[in-house]
Amino acid sequence: MYAVELIIVNKDGVRDPEGETIKRFVIEEQYSGIIGEVKAGKYVRFLVEAKSKDEAESLVKRIAEEKRLFNPIVHKIIVRSERVEDGSP
Amino acid sequence: MYAVELIIVNKDGVRDPEGETIKRFVIEEQYSGIIGEVKAGKYVRFLVEAKSKDEAESLVKRIAEEKRLFNPIVHKIIVRSERVEDGSP
Amino acid sequence: MMLTLSSKEMELVRSTLDREPNEAEWKVVDALWSEHCSYKSSKTFLRSLPTTGQGVIMSVEDWQDAGAVDVGDGWALVLKVESHNHPSAVDPYNGAATGVGGILRDIISKGARPIALLDMIRVGGLDAKGKWLLKNIIAGIASYGNSVGVPVVGGELSFDPTYTDNPLVDVACVGVVKASEIVPSVVRTPGLKLVLVGFTGLDGIGGASFASRKLSGMDEIGAVQIADPFAGKILIDATLEVRGKVEAMKDLGGGGLAVAVTEMANGLGARVQLERVPLRVKGMSPEEIIISETQERMLFAVKSENVQEVCRAFEDYNYPCEVIGEIVSEPRITFTYEGKVVVDLPSQLLLSPPLFVWPMNRKVRTEEVKEVSVREALSTILLHPDLGNKEWAYSQFDYEVGVSTLVKPGQADSAVIELPNGRQIAVKGDANQDLCEVDAYECGKAIVAEAFRNLASVGARGIAAVDHLQFGDPRKPEVYQDFVDSIRGISEAAKFFSVPIVGGKVSFHNEDKNGNPIKPTPLIVMAGLVEGKYLKPRVEEGWLVLLGITRNELRGTLFSRLFGGRGEVARARLMEDLLASELIIKAINESKLTWNKDINKGGLAGSLLPILASGHAVHINTKAVIGTRDLLSILFSESGGRFLVLTDDPHWFHIQASRKGIVASTIGKVTKGKASLFLDDVELPLEREVERYLNMLEEELS
Amino acid sequence: MRTAVLKFPGTTCEEDVVKALRLVKAEAEVVKFNSFDPDRYQGVVIPGGFSFGDYLRAGTIAANSEAMKGVREMADQGKLVLGICNGFQILVESGILKGALLPNLKLRFITKWTYVRVSRKDTPFTRGIKDVLLMPIAHAEGRYYLEDEEEARELAVFQYSNPSGLVVEEVNPNGSVQNVAGIANQAGNVIGLMPHPERASFSKLTPDGSTDGLEILRVFGK
Ligand SMILES: Nc1ncnc2c1ncn2[C@@H]1O[C@H](COP(=O)(O)OP(=O)(O)O)[C@@H](O)[C@H]1O
Ligand SMILES: [Mg+2]
């Protein structure tokens with residue numbers, strides 16, 4: 001079994017008010033200069049039965065595209081996975 | 001520079017209606033048996049100037065707590081990081 | 001096993017049964033006998049509330065359900081209020097959202113379509129914690145209310161350090177149903193099938209006893225419930241679709257199946273096969289299934305021939321629907337799991353917990369008085385967030401959905417909604433922790449009077465109310481005294497106005513982390529029918545007429561919260577409230593005013609804010625104010641029975657008032673111009689205060 | 001015109017839309033998402049609400065439904081398709097209309113009465129209509145985005161404006177590019193907009209007694 005993570009963030013150049021807000025908070029405090037960019041997005045984790053890491057990841061990529069879990073006009077996705085035994089993260 | 005990812009999901013045992021709904025209405029028909037649990041959450045990525053991976057991660061943990069980016073009563077956080085050169089994901 | 005039962009109560013259970021109950025049975029008794037479900041500390045006094053009256057179609061049976069009143073043409077209005085204080089303290093977003101879900105299910109379980117929500121919110125202040133609470137509370141209410149398409153049309157927002165650790169999140173809902181189609185929550189005949197809709201999960205296990213206990217730190221995780229407004233919407237739509245096919249229905253609230261089944265059987269018996277309950281997670285134990293408080297579930301009693309049809313409506317939405325048992329004549333509540341008896345208890349035992357009357361003692365109140373100049377008091381009060389414009393909050397609600405919100409949040413003191421029969425109702429919720437802290441009895445009267453006035457200010461006359469009583473630990477004599485006093489006040493005023501109390505709720509154990517009770521905060525939500533015309537107030541140039549007597553009453557007011565009490569307690573004078581309200585309704589119908597506001601928080605000064613903020617200056621001749629010469633009282637007294645009116649025919653008000661036996665006086669005028677108050681021709685510029693009034697919440701919370 | 005008002009699980013405005021459509025004498029009925037037959041209708045309205053709870057993103061899950069295949073068919077046949085609020089989000093998420101609707105810059109739900117300028121009058125919905133309309137918005141995800149701003153302006157049918165029709169940034173309630181409040185497809189038979197015309201169809205509910213929403217809905221009455 002594989003835990004496949006699908007991360008959906010705005011493409012570069014598309015405003016990300018959530019990331020901006022967190023950054024604004026952080027800068028107001030003592031962390032300016034230490035924290036650079038902040039980017040917020042959506043996280044979806046699938047438990048997938050698959051023979052290989054590759055198979056698991058491409059399945060999730062396919063689902064993300066077919067089901068438009070992201071909108072290619074604004075979003076980009078990152079897909080990652082790891083093998084798990086029982087499925088608990 | 002480190003890219004630190006903060007992932008916020010509901011604790012185990014705490015419901016996740018968003019993940020459940022995605023599973024039930026988007027995945028189930030075609031992929032039942034292949035895709036098990038679906039869990040949805042929030043993703044925030046920080047670029048952090050720090051001397052070590054450890055320092056970078058604990059800074060993000062501290063910000064997440066101080067700024068109440070999650071509610072420890074319902075959420076758990078996963079913090080991960082990697083060293084990056086220019087900060088692009 | 002965590003139980004809240006006292007050793008005396010446990011002894012009573014043992015002796016009635018003549019045996020030691022098993023663990024599951026203890027949990028069932030614990031849930032049914034919890035304060036939350038049984039009202040054991042409050043019932044004795046709640047019985048003194050006037051629950052019947054002209055137009056009452058269905059009143060409360062022990063304050064558990066929503067009541068209904070006649071609104072004409074065969075339609076009934078269903079009304080209910082509830083709080084979700086303790087869950088909101090630890091998880092404000094989900095706590096508030098599930099509160100909305102819960103109140104909606106109370107309304108649909110009568111077969112009524114929810115048409116409006118109200119939210120009355122109290123937090124400690126605009127510090128980091130208060131902001132976090134408030135943002136999440138409002139977002140939670142918005143998320144649920146908006147998702148299910150029920151407009152939030154009004155509410156309250158108050159900031160008082162007494163709520164720092166224990167915010168109050170009160171939500172109320174009104175619904176409509178044909179009186180002949182109201183669905184009862186109890187059954188009268190055996191043989192009906194018990195049908196459960198929705199998945200049962202692990203969430204909220206132990207919630208009812210949680211609400212009956214004080215907050216104690218991290219062990220609350222078990223009681224956290226996640227809101228699922230989407231499931232809530234399906235539940236509403238499908239339940240309303242099948243309401244004609246069910247004999248009784250009940251939402252699953254505190255105490256889960258244990259409570260819903262027992263209360264629905266109402267003295268008859270029930271047999272439930274727990275293995276039939278649709279589960280969200282594998283491996284739940286039978287006890288957990290019995291007491292799980294998972295949201296978005298309903299229990300129906302259905303004739304066998306209708307079961308299929310009822311379940312089909314849910315299956316349409318992919319929503320679980322199962323027969324889990326039936327109503328039987330033998331008065332025992334039996335839960336079995338795969339043939340094994342898990343719980344077998346007499347219905348009567350579960351339905352008759354011992355009632356308590358705790359010791360009472362009136363607390364001694366001392367107040368420190370701070371010196372303050374008129375100018376400073378004016379600024380401080382006008383800058384107080386309690387009086388601030390609430391647009392930041394209500395703009396997050398979809399208050400237009402339903403195309404029936406005629407007077408919208410922020411436009412007036414009450415919202416006005418159109419009913420399916422073409423008539424209009426007004427609704428508003430009111431509490432007053434300042435007054436309750438100094439005199440709970442006067443406060444009980446005053447909040448009913450205020451709600452009545454608020455409805456009158458848009459042209460409606462109160463026809464029914466629900467109350468929500470929020471106090472500290474009832475075992476503390478001072479708390480219990482306040483509790484009893486406030487009920488007496490509410491009761492008296494409700495009788496006086498002929499506004500029956502058709503439902504309500506009690507919430508004890510509201511305390512800060514040191515165990516100090518919150519200021520007593522009973523709350524009234526009232527609905528009224530518009531008599532003739534309703535008013536959408538507009539500020540225009542005109543004369544300012546003050547109805548009613550301004551007394552030297554600064555105790556128990558916003559002023560005294562900030563500067564200590566002076567003079568008398570702001571006492572309710574119900575006859576003055578009634579007559580002034582009637583006059584306002586008459587004036588609206590004869591188009592004699594463009595704008596009016598009842599005077600409460602912040603006194604006369606507080607009432608001026610909406611005028612000043614609309615691009616107008618106010619001129620007041622203090623000598624014209626009837627009742628006192630004390631300038632602080634003129635500006636900040638919260639004496640009841642008063643309205644501020646904008647009119648171009650002040651004479652009409654003078655004549656009508658004297659005919660009615662109340663006083664009216666033209667105290668000044670409103671002119672176009674920058675925000676200034678001219679007090680006897682001395683100009684007090686208030687632009688900074690007004691700017692802050694308009695933007696404070698937006699600035700602090702964005 | 002026989003008009004389907006499509007109801008997904010979580011749709012909240014279907015009855016309101018039907019009520020407004022009746023005012024313009026449209027033959028409108030609510031149709032559940034799982035029993036929608038596109039061949040029976042000349043027009044379809046996808047009303048506002050929170051289809052499938054708006055989980056993941058507003059409109060995404062509904063966009064995946066069988067019913068939306070039917071809507072696409074109607075769009076391709078040149079029939080009238082109107083998406084209001086969540087309906088607009090669904091049209092965008094399903095790719096029937098171009099672009100994306102992102103969370104409001106303020107990151108919260110906003111209810112507000114807004115003026116919009118009618119920027120394209122070459123669609124069946126806007127032919128001969130007034131220049132400026134007053135309608136309320138109520139959404140959390142309404143920030144229209146398209147990388148090519150020029151294209152966004154070309155597609156735009158409605159743009160947030162001041163009362164006299166000037167498209168200025170101060171009145172942009174959510175951060176949309178070019179103040180876009182609604183767009184059409186190239187042919188003009190498919191329109192999506194964030195403001196709610198049905199809520200601007202009853203004079204007692206509007207701030208100034210206007211009924212500008214009816215102007216847009218009128219086409220279904222023909
Ligand atoms: N939490 C809230 N939710 C919705 N509407 C609110 C809320 N708080 C206040 N309002 C609305 O704002 C307006 C002013 O409220 P408030 O200041 O409490 O009135 P009053 O002058 O009677 O004290 C009313 O229309 C009220 O319903
Ligand atoms: Mg008022």
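Just so we're clear, the structure is a prediction, and the values are computed from it rather than from any experiment. Reminder, nothing fancy here: chain letters follow the sequence lines and each chain counts from 1.
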Exercise. Could you look at Lys67(B) and say if it's the side chain, the backbone, both or neither that has a heavy atom under 4.5 Å from chain A?
Key: side chain
Self-check item: Gap separating the CD atom of Glu49(A) from the CD1 atom of Ile34(B), nearest 0.5 angstrom
Solution: 9.5 Å
Exercise. Identify which part of Tyr31(B) has an atom lying under 4.5 Å from any heavy atom of chain A, answering side chain, backbone, both or neither.
Key: side chain
Quiz item: For Lys11(A), does the NZ atom sit with more than 12 other heavy atoms under 6.0 Å from it, leaving out its own atoms?
Solution: yes
Quiz item: For Leu6(B), is it the side chain, the backbone, both or neither that has a heavy atom under 4.5 Å from a heavy atom of chain A?
Solution: neither
Quiz item: Could you name the residues of residues 53-62 of chain B that have a heavy atom within less than 4.5 Å of a heavy atom in chain A?
Solution: Leu59(B), Arg62(B)
Quiz item: Is a donor on one side and an acceptor on the other found under 3.5 Å between the side chain of Asn10(A) and the backbone of His75(A)?
Solution: no
Quiz item: Would Arg45(A) and Asp16(B) satisfy salt bridge (charged side-chain N to carboxylate O under 4.0 Å, His left out), going step by step from the backbone distance to the final call?
Solution: CA-CA 12 Å; Arg45(A) 182 174 176 277; Asp16(B) 169 23; over 6 Å; no
Quiz item: Given side chains that start at C-beta, do those of Arg15(A) and Glu20(A) come closer than 4.5 Å, heavy atoms only?
Solution: yes
Quiz item: Below 4.0 angstrom, N of the basic side chain to O of the carboxylate: do Arg80(B) and Glu5(B) qualify?
Solution: yes
Quiz item: Under a 4.5 Å heavy-atom cut-off, does chain B meet the side chain of Ile7(A), its backbone, both or neither?
Solution: side chain
Quiz item: With only heavy atoms counted, which part of Leu69(A) is less than 4.5 Å from chain B, the side chain, the backbone, both or neither?
Solution: side chain
Quiz item: Which heavy atom in Lys51(B) sits nearest to a heavy atom in Tyr2(B), and how many Å separate them?
Solution: O-OH, 3.9 Å
Self-check item: Sidechain N-carboxylate O distance under 4.0 Å for Lys23(A), Glu37(A)
Solution: no
